[in-house]
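Below is one structure, written out as structure tokens; the observations come after it.
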Amino acid sequence: MKDPDHGEKPSESGASAAGRSEARTGAPRGGKGKRRRRKLSGSPSAIASGSGPSGEAGRPAALNEAEPSRKRKRRRRSKSARPQDQSAASGASAPALDAALSDKKGGQKRNRKARHRRGLQGRPLASAGNPTTSLRPGERPGDTARPRNGEAAAQQQARPERLGAPFVAPGEPPAPLYAALDLGTNNCRLLVAQPTRPGQFRVVDAFSRIVRLGEGLGASGRLSDDAMERSVEALKVCAAKLGARSIRRRRLIATEAARAAANGEAFMKRVAEETGLELEIIDRETEARLAVSGCSSLVDRETRSVVLFDIGGGSSEIAVIRIGENRSSRLANHITHWTSLPVGVVTLSERHGGEHVTPQSFEVMVREVEAMLAGFESPSVDALASGSYGDGFHLIGTSGTVTTLAGVHLDLPRYDRRRVDGLWLSDDEVSAMQARLLSWDFAARAANPCIGPDRADLVLAGCAILEAIRRRWPSSRMRVADRGLREGLLTDMMADDGAWRRGRPRRHQRSFGSAQAGEERVKRHEGTEA
């Protein structure tokens with residue numbers, strides 16, 4: 001017998017391992033193990049004689065040299081995955097064997113899943129139990145999903161920065177904040193927003209409260225003490241909201257009530273002293289232009305002419321818009337005629353009574369507004385609907401009156417801006433809604449969720465103004481806009497700053513009231529005092 005170092009005689013452990021190997025090769029096996037043995041059986045004599053030094057226990061050196069280390073590891077795992085050989089020697093019970101098999105299989109499945117859960121560049125994917133890996137900049141673990149669309153006021157006031165902040169790519173500065181405040185004859189409104197896609201923005205915070213600043217203004221010509229006190233309290237809330245954020249630009253305006261009152265300027269000084277807010281009293285031309293700017297996204301591309309009206313608390317703005325082949329990014333540049341009537345829902349209801357309205361008193365209010373519109377020079381309906389003004393003429397209404405009609409038409413259990421803004425109403429539907437409201441008494445109007453007690457005495461006065469506009473410009477359809485001066489302020493400020501044109505030079509704004517436009521293109525009519 002030769003020296004075992006020359007490989008002629010296998011060791012005892014090698015012989016027993018070879019015997020087990022030959023016993024296993026006798027039973028057919030499927031899968032990779034069978035193919036692996038067939039590939040590695042190039043020298044069966046070496047396996048039978050056990051020639052060569054043994055590297056791995058029970059395996060000749062020829063196999064160790066021919067088989068890569070990865071395959072040897074797989075073979076060792078396959079050996080350890082078959083506990084039946086060990087269970088036969090140790091006498092393990094059947095339940096224990098089943099438990100061991102199930103645990104081993106579960107571990108192998110988890111390992112396979114872990115190997116496949118890899119993302120780009122071989123990096124492991126985010127774990128479902130780690131919320132910080134999917135957070136956007138500015139978020140903290142535990143924050144709930146942020147709403148994308150709509151003006152959820154309650155949620156935005158609770159967490160406005162995270163709820164309204166758009167996604168910002170790494171390395172980019174956060175989107176700036178813009179604020180617009182409108183102190184009208186009936187309402188005090190505030191919007192804080194961030195620019196998103198071109199021509200659009202996301203509301204970060206909002207505030208609205210009925211203050212009735214113009215209450216009693218038509219009779220006395222002055223703002224009452226109670227009305228000013230209500231307005232100052234609402235403006236203090238707005239000041240606190242603005243002070244809690246870093247606002248890039250803001251514009252705070254006051255409209256007809258402060259413009260027409262004898263003590264309007266004195267009230268603005270009081271507001272600055274008590275709230276720190278500097279409000280600007282705008283003229284009627286600016287108010288008409290802002291109303292148009294706020295509704296620019298509701299004018300379709302195929303529309304060629306529009307009559308847009310804003311029925312306010314103390315005044316009503318009307319603009320005739322002609323859109324040619326070259327449409328400007330600013331809809332206000334297409335205004336050809338405009339007017340501002342010194343009448344609104346508050347002033348008209350105080351003169352004629354808003355609680356008890358009969359068909360006869362309603363008709364009186366309509367004729368009063370028609371008399372104001374009689375002196376307004378504008379193109380005829382035939383010219384707007386055809387000819388040089390093109391096809392696609394319709395009305396756009398942006399006011400509480402129009403949105404109330406839309407809510408009643410939809411029979412909403414609660415007013416929903418998302419369903420109202422942009423809604424189309426036919427001429428017959430508007431007439432039906434006006435007749436329905438006129439048939440209700442004050443209690444029925446106050447009980448409607450889309451009207452409420454604060455507007456129950458104002459809604460029919462607004463319907464009278466709307467009816468006068470519809471008689472002057474008959475149209476088969478009208479679009480509802482739940483937006484107004486605040487949206488126009490935000491749109492103009494963001495456009496002036498180039499918020500939607502990154503890396504592009506800012507273009508100068510062209511005002512329809514400038515000298516370049518000329519008196520021929522814009523005809524201004526102030527209306528007659530009632």
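Atom set for the values below is all heavy atoms of this structure, side chains included, hydrogens, waters and symmetry mates excluded. The first residue of the sequence shown is numbered 1, and numbering continues consecutively from there.
Looking at Leu191 and Leu490, their side chains come closer than 4.5 Å, going by heavy atoms from C-beta outward. When side chains are defined from C-beta on, Val307 does not count as touching Ile321, because their heavy atoms never get closer than 4.5 Å. The side-chain heavy atoms of Arg479 and Leu425, taken from C-beta on, include no pair separated by under 4.5 Å. The side-chain heavy atoms of Asn186 and Val211, taken from C-beta on, include no pair separated by under 4.5 Å. Looking at heavy atoms from C-beta onward, Leu410 lies in side-chain contact with Leu423 at the 4.5 angstrom threshold. The shortest distance between side-chain heavy atoms of Lys241 and Val237 falls below 4.5 Å. No side-chain heavy atom of Tyr178 sits less than 4.5 Å from a side-chain heavy atom of Arg251. Looking only at side-chain heavy atoms (C-beta outward), Gln194 and Pro176 stay at 4.5 Å or farther from each other.
For Glu278, the CD atom sits in a loose shell: 12 or fewer heavy atoms of surrounding residues, nucleotides or ligands are nearer than 6.0 Å.
Under a 4.0 Å N-O distance rule, the pair Glu467/Arg470 qualifies as a salt bridge.
We find the OG1-NE2 distance between Thr347 and His352 to be 9.0 Å, quoted to the nearest 0.5 Å. Between the CD1 atom in Ile396 and the CZ atom in Arg483 there is a gap of 9.0 Å [rounded to 0.5 Å]. Rounded to the nearest 0.5 angstrom, Arg419 CZ and Asp482 CG are separated by 14.0 Å. With values rounded to the nearest 0.5 angstrom, Leu298 atom CG is found 9.0 Å from Leu308 atom CG. Atoms CD and CG, from Glu487 and Asp492 in turn, are 12.0 Å apart once rounded to the nearest 0.5 Å. The CD1 atom of Ile335 lies 7.0 Å from the OG atom of Ser293; values are rounded to the nearest 0.5 Å.
Legend: side-chain hydrogen bond (donor to acceptor under 3.5 Å, both in side chains) pairs involving residues 252-261, not counting sequence neighbours, sorted by first then second residue: Glu256-Arg259, Glu256-Arg284, Arg259-Glu287.
Residues Ala179 and Met493 approach most closely at O-CE, 3.3 Å, considering heavy atoms. Listed here is the closest heavy atom pair of Arg189 and Ser208: CG-OG, 3.7 Å. Taking each heavy atom of Thr275 and Ala239 in turn, the nearest pair found is O-CB, 3.6 Å. Ala464 approaches Leu348 most closely through the heavy-atom pair CB-CD2, 4.3 Å. For the pair Pro195 and Trp500, the tightest heavy-atom approach, listed with the atom from each and the gap, is CB-NE1, 3.5 Å. Closest non-hydrogen pair, Cys463 versus Leu437, comes out as SG-CD1, 4.0 Å.
Not a single donor-acceptor pair under 3.5 Å links the side chain of Arg248 to the backbone N or O of Leu177. At least one donor-acceptor pair closer than 3.5 Å links the side chain of Thr336 to the backbone N or O of Val320. Although no hydrogens or angles enter the test, the distance criterion places no donor-acceptor pair under 3.5 Å between the side chain of Ser315 and the main chain of Ser340. Within the 3.5 Å criterion, the main-chain N or O of Arg418 finds a donor-acceptor partner in the side chain of Asp416. Remark: the backbone N or O of Leu181 is not paired with any side-chain donor or acceptor of Arg250 at under 3.5 angstrom. When atom types are taken as modelled, the side chain of Asn448 and the backbone of Cys450 share a donor-acceptor pair closer than 3.5 angstrom. A donor-acceptor pair under 3.5 Å links the side-chain atoms of Thr403 to the main chain of Ser399, judged by distance alone. At least one donor-acceptor pair under 3.5 Å links the side chain of Glu429 to the backbone N or O of Ser426. Judged purely by atom type and a 3.5 angstrom limit, Ser349 has no side-chain atom pairing as donor or acceptor with the backbone of Gly354.
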Determine, step by step, whether Arg486 and Asp182 satisfy the salt bridge (Lys or Arg N to Asp or Glu O under 4.0 Å) criterion, reporting the C-alpha distance in whole Å, the side-chain angles of both residues, the deciding distance to 0.1 Å, and the verdict.
-> CA-CA 6 Å; Arg486 296 176 301 168; Asp182 170 25; over 6 Å; no

Could you give me the CA-CA distance, side-chain angles and deciding distance for Val408 and Arg436, then say whether side-chain contact (heavy atoms from CB on, under 4.5 Å) is met?
-> CA-CA 9 Å; Val408 175; Arg436 184 179 179 186; 3.8 Å; yes

Step by step, work out the side-chain contact (heavy atoms from CB on, under 4.5 Å) result for Thr398 and Phe309.
-> CA-CA 6 Å; Thr398 165; Phe309 57 91; over 6 Å; no

Go through Thr286 and Asp283 one step at a time and tell me if the side-chain hydrogen bond (donor to acceptor under 3.5 Å, both in side chains) criterion holds.
-> CA-CA 6 Å; Thr286 303; Asp283 56 23; 2.6 Å; yes

Criterion salt bridge (Lys or Arg N to Asp or Glu O under 4.0 Å) on Arg270 and Glu273, from CA distance to verdict | CA-CA 5 Å; Arg270 175 187 172 183; Glu273 294 174 357; over 6 Å; no

Show your working on side-chain contact (heavy atoms from CB on, under 4.5 Å) between His394 and Val306 and close with a plain yes or no.
-> CA-CA 5 Å; His394 64 83; Val306 172; 3.9 Å; yes

Evaluate salt bridge (Lys or Arg N to Asp or Glu O under 4.0 Å) for Glu370 paired with Arg471, printing each intermediate quantity in order.
-> CA-CA 8 Å; Glu370 281 185 312; Arg471 291 181 184 180; 3.6 Å; yes

Run the numbers on Arg289 and Glu317 for salt bridge (Lys or Arg N to Asp or Glu O under 4.0 Å), then give the verdict.
-> CA-CA 9 Å; Arg289 180 187 176 282; Glu317 282 66 41; over 6 Å; no

Stepwise, does the side-chain contact (heavy atoms from CB on, under 4.5 Å) test hold for Ile281 with Ile253?
-> CA-CA 6 Å; Ile281 301 178; Ile253 65 171; over 6 Å; no

All N/O donor-acceptor pairs, side-chain side in residues 452-460, below 3.5 Å, sequence neighbours left out:
unit_1, atom_1, unit_2, atom_2, d
Asp457, OD1, Arg212, NH2, 3.0
Asp457, OD2, Arg212, NH1, 3.3

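Taking the ring centre of Trp424 as origin, the terminal cationic atom of Arg477 falls inside the region bounded by 6.0 Å and 45° from the ring axis.
Under the side-chain contact (heavy atoms from CB on, under 4.5 Å) rule, Leu213 has a single partner from Cys188, Ser231, Ser224, which is Ser231.
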